[in-house]
Amino acid sequence: SLGTMGNRLQRINVENTEENRRAFREILFSSDASINQSIGGVILFHETLYQKDSSGKPFPALIKEKGIVVGIKLDKGTAPLAGTNGETTIQGLDGLAERCAQYKKDGVDFGKWRAVLKITSTTPSQLAIQENANTLARYASICQQHGLVPIVEPEILPDGDHDLQRCQYVTEKVLAAVYKALNDHHVYLEGTLLKPNMVTAGHSCPKKYTPQDVAVATVTTLLRTVPAAVPGICFLSGGQSEEEASVNLNAMNQSPLPKPWKLTFSYGRALQASALAAWVGKSENKKAAQEAFRKRAQINSLACRGQYVVSGKADTAATQSLFTASYTY
Amino acid sequence: MTHQYPALTAEQKKELSDIALRIVAPGKGILAADESVGHMAKRLNQIGVENTEENRRLYRQILFSADSRVKKCIGGVIFFHETMYQKADDGTPFVQMIKDKGIVVGIKVDKGVVPLAGTDGETTTQGLDGLSERCAQYKKDGADFAKWRCVLKISDNTPSALAIMENANVLARYASICQQNGIVPIVEPEILPDGDHDLKRCQYVTEKVLAAVYKALSDHHVYLEGTLLKPNMVTPGHSCPTKYSPEEIAMATVTALRRTVPPAVPGVTFLSGGQSEEEASINLNAINTCPLMRPWALTFSYGRALQASALSAWRGQRDNATAATEEFVKRAEVNGLAALGKYEGSGDDSGAAGQSLYVANHAY
């Protein structure tokens with residue numbers, strides 16, 4: 001969204017104007033067509049869907065001609081749940097059917113909707129879990145009526161000092177509720193994707209875990225809750241650095257545990273940090289920025305197949321934590 | 001809901017998971033020999049045999065005397081309470097005979113269906129009272145898994161939301177209690193084949209029921225890797241005019257399971273629900289050759305469909321015992337192959353194997 005881009009551009013001292021946002025997205029979308037070996041879909045913000053590149057070609061066309069599927073963020077941000085400890089639900093259901101129909105006409109084939117939950121001593125509450133699962137299911141049902149594949153994103157924030165086991169427990173409960181809601185709302189699972197958090201310790205947890213710990217906890221959780229009919233799971237990066245996000249995804253795909261769904265990425269920050277740092281708002285840095293993006297995309301593509309060999313020489317931008325406290329977009 | 005209060009230690013989980021995997025090891029399934037006294041009456045009646053404790057003992061002895069050929073196709077046997085404490089002619093306890101063959105012993109623990117007031121003849125299942133103590137005793141007496149059967153039916157107004165929710169909940173309570181006592185719970189939400197509904201209707205209902213069952217198991221903190229599921233196959237109602245092939249049944253069944261049963265569940269052991277011996281084997285085989293990806297073992301937990309020929313051969317005569325045992329071994333081996341997708345069909349639909357075993361409104 002505009003606000004989030006504001007944060008990202010501020011980090012590299014670039015003004016948050018529509019033109020700067022357009023220019024940065026153009027850098028990404030005008031990457032060489034071979035990027036389609038690593039990227040299957042791009043999620044756009046509303047403004048971006050209707051922007052064009054410097055030659056006047058609409059961004060959706062630029063993306064589609066590379067054989068990549070165009071998606072759109074459909075939610076309208078969080079709204080508080082009264083009577084809870086600062087918990088939220090998500091708005092965006094009003095007129096969603098009409099919006100989906102229009103986006104489909106405008107070249108979009110999938111949608112994304114982000115629900116947010118957090119772990120504290122009293123949260124997530126039963127209400128927060130049930131309400132967010134229900135809105136996700138309503139959104140998914142409406143999308144499918146209009147030929148859009150819904151990506152279902154129940155993000156459990158990494159804020160806090162809880163350990164890995166706690167995150168696993170909460171993630172299992174949340175995902176069980178999500179899939180019950182999807183079933184209740186008659187959603188066709190084979191035409192959905194899941195975008196969950198990896199199971200990790202809280203950001204200020206004193207105990208450190210290995211990528212293998214994260215992999216086993218995450219895949220175990222998914223095996224207990226996500227039906228095999230779901231074709232793919234694309235993890236959010238949730239504040240992990242570019243390198244962390246790739247290494248963890250790789251560990252999951254190397255894990256001996258069974259994996260009946262694809263395990264892949266849906267990364268924002270973890271795909272763009274290096275590109276932003278290389279660009280710093282200067283058009284002469286376009287090639288360097290594209291190369292940085294292409295590199296991360298390729299690394300994550302290898303990670304999807306458990307073939308990423310960690311060099312141990314990751315550069316600064318790649319390892320820099322992208323954690324922003326209480327990330328609400 | 002925020003905090004976990006672990007229901008099981010790592011050691012308890014490992015024990016449960018190991019038991020479950022042994023039962024559904026590749027090529028193996030379950031002999032459901034847990035017919036209640038009343039139910040045995042019907043079976044013995046059909047072959048003109050009196051329903052006495054001795055006859056029931058003699059009959060189970062026929063099954064349990066099967067030779068080592070059953071080791072590779074039977075992973076578990078479900079007992080009825082009375083049978084757990086019976087012995088063979090030579091004094092060997094039945095439980096020991098089964099264990100000596102490397103087969104896991106299980107016990108039926110539910111106490112039958114009771115009506116749900118205000119519904120269209122729907123039921124829940126009783127048996128939770130003192131269940132923990134009973135499980136502890138059965139575990140001491142050699143049982144490592146249990147079975148609990150819930151029953152739902154398809155009609156214009158059923159299954160209702162109440163019936164689905166109540167049966168899912170009672171299954172989850174049972175499962176939770178079993179695991180506390182080192183017993184692997186087989187969760188059986190049977191949707192009866194009675195009716196004229198088509199395949200799609202059964203699939204729809206089965207998906208709703210199984211989704212509710214797994215949500216309840218999650219709510220009750222049940223360790224899925226230490227459970228098994230015993231569902232109906234997805235089939236048309238018994239009086240549905242449309243006929244479906246084994247492949248259609250397989251696709252509908254596997255699709256329904258893929259949409260509802262988490263991959264963490266190690267095995268699905270189908271009930272035979274009135275199918276003939278041959279039908280049950282052919283359908284199981286089709287399920288195991290279905291092109292859809294199947295993350296759990298798909299095998300059998302058959303009662304009637306493993307025993308019909310054996311019963312017919314026995315007819316209560318001691319002299320027929322060996323022949324009867326042989327009939328059972330034959331069906332067991334066939335189903336072991338079907339569980340691997342390697343059964344090619346007998347081509348012989350006559351005799352006991354082809355005869356439909358459907359009993360109207362089967363309530364146990």
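The chains referred to below are lettered A, B, ... by the order of the sequence lines, with proteins before strands, and numbering in each begins at 1. Values reported hereafter were calculated over all heavy atoms of this structure, with side chains retained and with hydrogens, waters and symmetry mates removed. Nothing here was measured: the structure is a model prediction, and the numbers come from that model.
- The stretch residues 249-265 of chain B participates, sequence neighbours left out, in these side chain to side chain donor-acceptor pair (under 3.5 Å) pairs: A/Glu190-B/Arg259, B/Glu207-B/Arg259.
- Within the structure, ring pair (Phe, Tyr, Trp, His ring centres under 6.0 Å) pairs that include any residue of residues 175-201 of chain A do not occur (at least two apart or interchain).
- No other option in B/Lys215, B/Arg294, B/His221 has as many heavy-atom pairs under 4.5 Å with chain A as B/Lys215.
- Between the CD atom of B/Gln4 and the CD atom of A/Gln165 there is a distance of 8.0 Å, given to the nearest 0.5 Å.
- Under the side chain to side chain contact (heavy atoms under 4.5 Å, CB included) criterion, A/Leu96 pairs with A/Leu74, A/Leu93, A/Arg99, A/Cys100, A/Trp113, A/Tyr139, A/Ile142, not counting sequence neighbours.
- The candidate from B/Ala212, B/Ser218, B/Pro263, B/Pro6 with the greatest count of non-hydrogen atom pairs under 4.5 Å with chain A is B/Pro263.
- No other option in A/Thr225, A/Val230, A/Leu223 has as many heavy-atom pairs under 4.5 Å with chain B as A/Leu223.
- Side-chain atoms of A/Lys180 do not come within 3.5 Å of backbone N or O of B/Ala216 as any donor-acceptor pair.
- Below 4.5 Å, heavy atoms of chain B meet heavy atoms from A/Pro260, A/Trp261, all part of residues 250-265 of chain A.
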